[in-house]
Amino acid sequence: MGKSIRYGMVGGHLNAFIGDVHRKAINFDPRAEFVSGCFSSNAEKNLETGEVYCLDQDRVYADYLEMAEKESSRPDGIDFVSIVTPNATHYQIAKAFLEKGIHVVCEKPLCFTIEEAEELVALSKEKDLLFAVTYTYTGYTMSKVIKEMIAQGKIGNIIAVNGEYLQEWLIDELSTEAKGKQDLSVWRKDPKLSGISNCVGDIGTHIENYVHYVTGLEIKRVAATMNTFGHPLDLNANILVEYENNINGAYWCSQVAAGKLNGLAIRIYGDEGSIEWEQHYPDYAKYTPKGQPTQIISRGQSYLGDGAATQSRLPSGHPEGLFVGFANIYRNYISALIKKKNGEKLADDDLDFPSVTDGLNGVRFVHAVIDSGKNDSAWRHVR
Ligand SMILES: NC(=O)c1ccc[n+]([C@@H]2O[C@H](COP(=O)([O-])OP(=O)(O)OC[C@H]3O[C@@H](n4cnc5c(N)ncnc54)[C@H](O)[C@@H]3O)[C@@H](O)[C@H]2O)c1
């Protein structure tokens with residue numbers, strides 16, 4: 001029996017970063033067949049990728065518009081498309097597939113402007129299509145455990161939040177030589193491809209989405225300092241956050257922090273305890289009940305009960321990580337899609353994947369932070 005769901009991809013040629021991670025993650029639960037793509041605007045790279053994946057040549061398209069048109073008119077056309085191109089193209093590509101009735105998974109940040117994001121939210125609703133935005137870290141098993149523990153009141157009422165996402169890979173941009181050059185060889189540094197932000201859009205939005213996922217807190221307003229170090233876009237930002245219920249938080253994102261590789265760390269403090277998680281140690285969290293020693297808790301352990309911890313892919317002690325984070329997002333998304341195709345009604349539990357509304361919130365966050373950073377750290381409302 002063939003697989004019940006078919007998918008295609010836009011972006012993600014063989015040497016691209018995240019497309020390959022998406023393909024591998026989808027295969028963790030082999031329910032979706034990879035049948036089509038438009039992997040690059042470079043014809044050679046596009047065809048080469050299709051060949052490696054043994055795709056039918058007729059279904060490797062020179063551009064995404066042709067792909068949306070042709071796939072939507074085939075009886076065996078794709079059910080969903082994964083969009084893994086640079087930020088500048090997300091809006092047009094997502095819109096093209098939604099208009100043809102094809103479900104969408106899109107990389108973050110969702111798009112450039114708040115208006116575009118609102119349009120994508122409205123269009124997916126109008127067409128009744130499932131739209132996921134891959135904020136990866138909410139897919140990690142421990143993130144689900146932390147969300148569950150906070151909902152169970154293990155740390156009491158939340159009183160403060162602290163989040164950081166630190167990398168060092170652009171530290172050479174700080175050199176005097178680099179400052180004079182305005183080198184835009186990396187698309188993330190180029191406003192035409194990245195949008196109004198580099199660092200905040202690329203990694204700051206992960207903090208914003210992660211905190212919302214595990215706590216349910218909604219950001220009301222932000223005040224930020226932002227550092228471009230003489231380059232067109234931000235490489236570092238410090239952000240004060242005020243949530244709807246007068247709780248405060250502080251986020252720091254940086255691509256120039258020496259010694260930090262992919263350092264996403266989230267600390268949530270409540271009046272009964274605290275919980276901390278670090279991406280570098282994804283299978284563990286530090287839990288401190290008030291007045292007691294800190295406990296290192298692990299997914300897949302019976303002391304966590306039969307809830308989120310049981311969603312582990314591997315026994316505890318065997319590291320999961322980025323691939324599993326993506327795989328869990330796809331597991332839930334594809335399960336929801338199968339239910340939808342079978343005419344079943346989706347419950348809230350079926351929708352445990354980051355949505356297009358999360359994508360819209362991310363775009364609002366980026367705009368508010370950058371606007372604040374450019375205006376002497378004035379408070380800016382996110383909604
Ligand atoms: N969720 C995460 O953790 C995560 C991690 C990395 C990247 N991303 C996001 O994924 C997206 C891609 O990032 P990347 O690092 O993989 O970039 P990349 O430069 O490695 O890959 C981009 C791919 O898109 C292709 N492409 C560009 N324009 C195209 C078009 N018009 N039609 C078809 N293909 C086209 C390129 O040829 C390439 O294959 C970005 O939006 C980025 O923010 C998310």
Side-chain angles (χ1 to χ4, degrees), residues 11-13 15-22 40 84-90 106-112 133-137 162-211 222-241 250-266 278-282 321-322 325-326 362-363 365-374 377:
H13 69 68
N15 310 113
F17 171 27
I18 215 64
D20 185 52
V21 177
H22 281 248
S40 170
V84 290
T85 51
N87 310 349
T89 52
H90 293 175
C106 182
E107 263 303 348
K108 45 50 59 182
L110 176 61
C111 52
F112 276 10
V133 176
T134 41
Y135 287 106
T136 326
Y137 302 104
N162 177 257
E164 63 191 35
Y165 198 151
L166 307 178
Q167 301 177 331
E168 67 169 5
W169 71 289
L170 289 176
I171 195 162
D172 287 343
E173 300 299 309
L174 302 181
S175 73
T176 322
E177 214 177 77
K179 273 183 195 170
K181 254 178 138 188
Q182 302 286 307
D183 160 33
L184 297 176
S185 58
V186 174
W187 69 257
R188 282 172 173 78
K189 296 187 289 173
D190 182 349
K192 285 201 209 77
L193 294 173
S194 198
I196 59 165
S197 170
N198 169 15
C199 183
V200 176
D202 201 33
I203 56 180
T205 49
H206 278 297
I207 310 175
E208 175 264 329
N209 181 258
Y210 193 95
V211 171
V222 293
T225 57
M226 182 181 86
N227 309 97
T228 62
F229 303 106
H231 292 282
L233 298 176
D234 50 306
L235 293 164
N236 185 84
N238 287 282
I239 306 159
L240 284 179
V241 179
Y251 301 167
W252 173 29
C253 54
S254 183
Q255 294 158 321
V256 291
K260 299 293 181 182
L261 301 181
N262 198 48
L264 173 63
I266 305 289
E278 270 187 69
Q279 200 284 139
H280 284 167
Y281 309 100
L322 185 77
F326 272 100
V363 176
F365 173 77
V366 171
H367 277 264
V369 169
I370 299 301
D371 192 27
S372 172
K374 284 184 173 170
S377 309

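In this text, all values refer to a predicted model and were calculated from it rather than measured experimentally.
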> Who passes side-chain contact (heavy atoms from CB on, under 4.5 Å) against L233, sequence neighbours left out?
Replying inline: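 By the side-chain contact (heavy atoms from CB on, under 4.5 Å) rule, L233 matches P191, S194, N198.
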
>> Once side-chain contact (heavy atoms from CB on, under 4.5 Å) is applied, do any residues pair with L322, and if so which ones, sequence neighbours excluded?
In response: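 By the side-chain contact (heavy atoms from CB on, under 4.5 Å) rule, L322 matches V21, T136, Y137, Y140, F326.
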
What's the shortest heavy-atom distance between [X] and [Y], and which atoms?
X    : Y    : result
V84  : G12  : CG2-N, 3.6 Å
A368 : V222 : CB-CG2, 3.6 Å
S377 : A224 : OG-O, 2.9 Å
S197 : V366 : CB-CG1, 3.6 Å
G201 : P109 : O-CD, 3.7 Å

Hey, what do you get for [atom1] ([X]) to [atom2] ([Y]), rounding to the nearest 0.5 Å?
X    : Y    : atom1 : atom2 : value
W187 : N87  : CH2   : CG    : 4.0 Å
L264 : I203 : CG    : CD1   : 9.0 Å
T225 : N236 : OG1   : CG    : 7.0 Å
C199 : D234 : SG    : CG    : 5.5 Å
Y251 : L240 : OH    : CG    : 11.0 Å
E107 : T89  : CD    : OG1   : 11.0 Å

Could you tell me whether a side-chain N or O of [X] sits under 3.5 Å from a main-chain N or O of [Y], the two making a donor and an acceptor?
X    : Y    : result
T205 : G362 : no
H90  : K108 : no
D190 : K192 : yes
D202 : R188 : no
H231 : E173 : yes

> Is there a side-chain contact between F365 and I239 (heavy atoms, below 4.5 Å)?
Replying inline: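 Yes. Closest side-chain heavy atoms under 4.5 Å.
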
> Which residues satisfy the salt bridge (charged side-chain N to carboxylate O under 4.0 Å, His left out) test with E164, sequence neighbours excluded?
Replying inline: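 For E164, the residues satisfying salt bridge (charged side-chain N to carboxylate O under 4.0 Å, His left out) (neighbours in sequence not counted) are R267.
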
> Checking side chain to side chain donor-acceptor pair (under 3.5 Å) for the pair Y165/N262: CA distance, chi angles, key distance, verdict?
Replying inline: CA-CA 7 Å; Y165 198 151; N262 198 48; 2.6 Å; yes

> Should L261 and E168 be marked as a side chain to side chain contact (heavy atoms under 4.5 Å, CB included) after you check the CA-CA gap, both sets of side-chain angles, and the distance that decides it?
Replying inline: CA-CA 6 Å; L261 301 181; E168 67 169 5; 3.6 Å; yes

>> Assess the residue pair L170 and F229 against the criterion (side chain to side chain contact (heavy atoms under 4.5 Å, CB included)); give the C-alpha distance rounded to whole Å, side-chain angles, the decisive distance to 0.1 Å, and a yes or no.
In response: CA-CA 11 Å; L170 289 176; F229 303 106; over 6 Å; no

> What's the verdict on side chain to side chain contact (heavy atoms under 4.5 Å, CB included) for M226 and I370, showing C-alpha distance, side-chain angles and the deciding distance?
Replying inline: CA-CA 7 Å; M226 182 181 86; I370 299 301; 3.4 Å; yes

